Visitor: 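I have a structure I would like to understand better, so I am pasting it below and will then ask my questions one at a time.
The model shown is predicted, which means the values in this text are computed figures rather than measured ones. We name chains A, B, ... by the order of the sequence lines, and we start the count at 1 in each one.
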There are 2 protein chains.
Amino acid sequence: MPSDRLSRQIAFLIEADKLKTIDRRTPLTDGSRPENSAEHSWHLGLAALTLSEYGGGVNVPRVLELLTVHDLVEIDAGDTFAYDAAANVTKAERERAAADRIFGLLPADQAAYLHAAWKEFEAFETRASRFANALDRLQALLQNMQAGGGSWTEHRITRSQVLKRMAPVESALPDIWPLVLDVIDRFCRIGAIAKE
Amino acid sequence: MPSDRLSRQIAFLIEADKLKTIDRRTPLTDGSRPENSAEHSWHLGLAALTLSEYGGGVNVPRVLELLTVHDLVEIDAGDTFAYDAAANVTKAERERAAADRIFGLLPADQAAYLHAAWKEFEAFETRASRFANALDRLQALLQNMQAGGGSWTEHRITRSQVLKRMAPVESALPDIWPLVLDVIDRFCRIGAIAKE
């Protein structure tokens, strides 16, 4: 019989598998299907390793911790579409309850540690959080760009909505911001992002 | 225009998206579909954070680096089924060529760094590599266990094949080895792992 501690850790890892069934609104770059939140989380980890030099000395190991757990709450709360104002009103409460349950599967010390990592990601206060959130926004832009418009086109998202959503990139990854603006301008010109 | 350096980094991240389309033989825990290599890589990162205490002081940030890049070569080389002896003869050469091309998309310094991380994972020489590889084996066992047999049953894998495949868990995660043996015994008894 495994110890109670190991049993809880294994139960948490098994529960986490469900994140692979949570679809986001952004498509794969080939447009073949929606991206799920588990593979998205991996892609952000790779982005953190690749783009760390733009993070102003950010603590990359901490960023990887934040990114690994940042979407786990979606197992219960679902992926809340960034541009769905109504759903975003209830998002915080739904996700708080989800975090209590999901991290609560772990032994208490680990539950507290990973729950704190999720809260840090959500709070946008530390450099690691701001960098991780900026990658989260940038990655969605790259997915939509490669898919020819993706969720922007499908949901008739406007330029000002995209600019607001991408604002964390401007502050945390200023060297990458011109690329973001260029993509937005380009997709406005072809009508894939709505003028207003 | 973004710098050549940033353009290469973005091109690498876009190329990496293809890992989400590489199916493994192991199913999701609910058996609904095969797991893909991108979401699998995320799951291993979470396992590294959750099970680090069994790693004998392993360098967890390095483990996360290894795990994040460990399957990227599959974009070109495909996922080679662990129990397919013929495919494993050509695996090393196919993956070497893939690593040259895929990491080569990056600026030279980063290409060298991440290529070295992949080689370290493959070599089983460092503690980080042995820990990461043990997680890779353990996670497949948990997926098959939850799915009621998964790739073991589908491909009539035998007890001795599973034991050989799981050997890295015995050496790198000795405290978890009894759990592995218990799962193997249980699935042998119900015939989901073949006797020989």
Visitor: Can you tell me which portion of B:D175 sits under 4.5 Å from chain A's heavy atoms? Options are side chain, backbone, both or neither.
Guide: backbone
Visitor: Could you look at A:L179 and say if it's the side chain, the backbone, both or neither that has a heavy atom under 4.5 Å from chain B?
Guide: side chain
Visitor: Side chains of B:K20 and A:H40: is there a donor and an acceptor less than 3.5 Å apart?
Guide: no
Visitor: Chain B: which of A:T68, A:T21, A:D30 shares the most heavy-atom pairs with it under 4.5 Å?
Guide: A:T68
Visitor: Tell me, for B:R62 versus chain A, whether the close heavy atoms (under 4.5 Å) come from the side chain, the backbone, both or neither.
Guide: neither
Visitor: Verify whether one side chain among A:Q143 and B:D17 offers a donor that lies under 3.5 Å from an acceptor in the other.
Guide: yes
Visitor: Check whether A:Y54 gets within reach of chain B through its side chain, its backbone, both or neither, counting any heavy atom under 4.5 Å.
Guide: side chain
Visitor: Testing the basics here: between A:W42 and B:A16, what is the closest heavy-atom pair and its distance to 0.1 Å?
Guide: CH2-O, 3.5 Å
Visitor: For atom CD of A:E196, is the number of surrounding heavy atoms from other residues, nucleotides or ligands below 6.0 Å larger than 12?
Guide: yes
Visitor: Minimum heavy-atom separation for B:T50 to A:Q9, with atom names?
Guide: O-NE2, 3.5 Å
Visitor: Using heavy-atom distances under 4.5 Å, tell me whether B:P2 contacts chain A through its side chain, its backbone, both, or neither.
Guide: side chain
Visitor: Find out if a path of hydrophobic residues (ILVMFWY) with successive side-chain heavy-atom gaps under 4.5 Å connects B:V89 to B:Y83.
Guide: no
Visitor: Under a 4.5 Å cutoff for heavy-atom pairs, which residue among A:L64, A:I14, A:I10 has the most contacts with chain B?
Guide: A:I14
Visitor: Provide the closest heavy-atom pair for B:H43 versus A:L13 in the form atom of the first, atom of the second, distance.
Guide: NE2-O, 2.7 Å
Visitor: In this structure, would A:F124 and A:L66 fall into the same cluster of hydrophobic residues linked by side-chain contacts under 4.5 Å?
Guide: no
Visitor: If you take all heavy atoms of B:L46 and A:V69, which pair is closest and at what distance?
Guide: CD1-CG1, 4.0 Å
Visitor: Identify which part of A:Q146 has an atom lying under 4.5 Å from any heavy atom of chain B, answering side chain, backbone, both or neither.
Guide: side chain
Visitor: Ignoring hydrogens, what is the shortest heavy-atom contact between A:Q110 and B:E53? Give both atom names and the distance.
Guide: NE2-OE1, 3.7 Å
Visitor: Report the option among B:L106, B:L138, B:L28 that has the most heavy-atom pairs separated by less than 4.5 Å from atoms of chain A.
Guide: B:L28
Visitor: For the interface with chain B, which of A:L19, A:L114, A:V60 has the highest count of heavy-atom pairs at distances below 4.5 Å?
Guide: A:L19
Visitor: Which one, A:L44, A:L142, A:L49, leads in non-hydrogen pairs under 4.5 Å with chain B?
Guide: A:L49
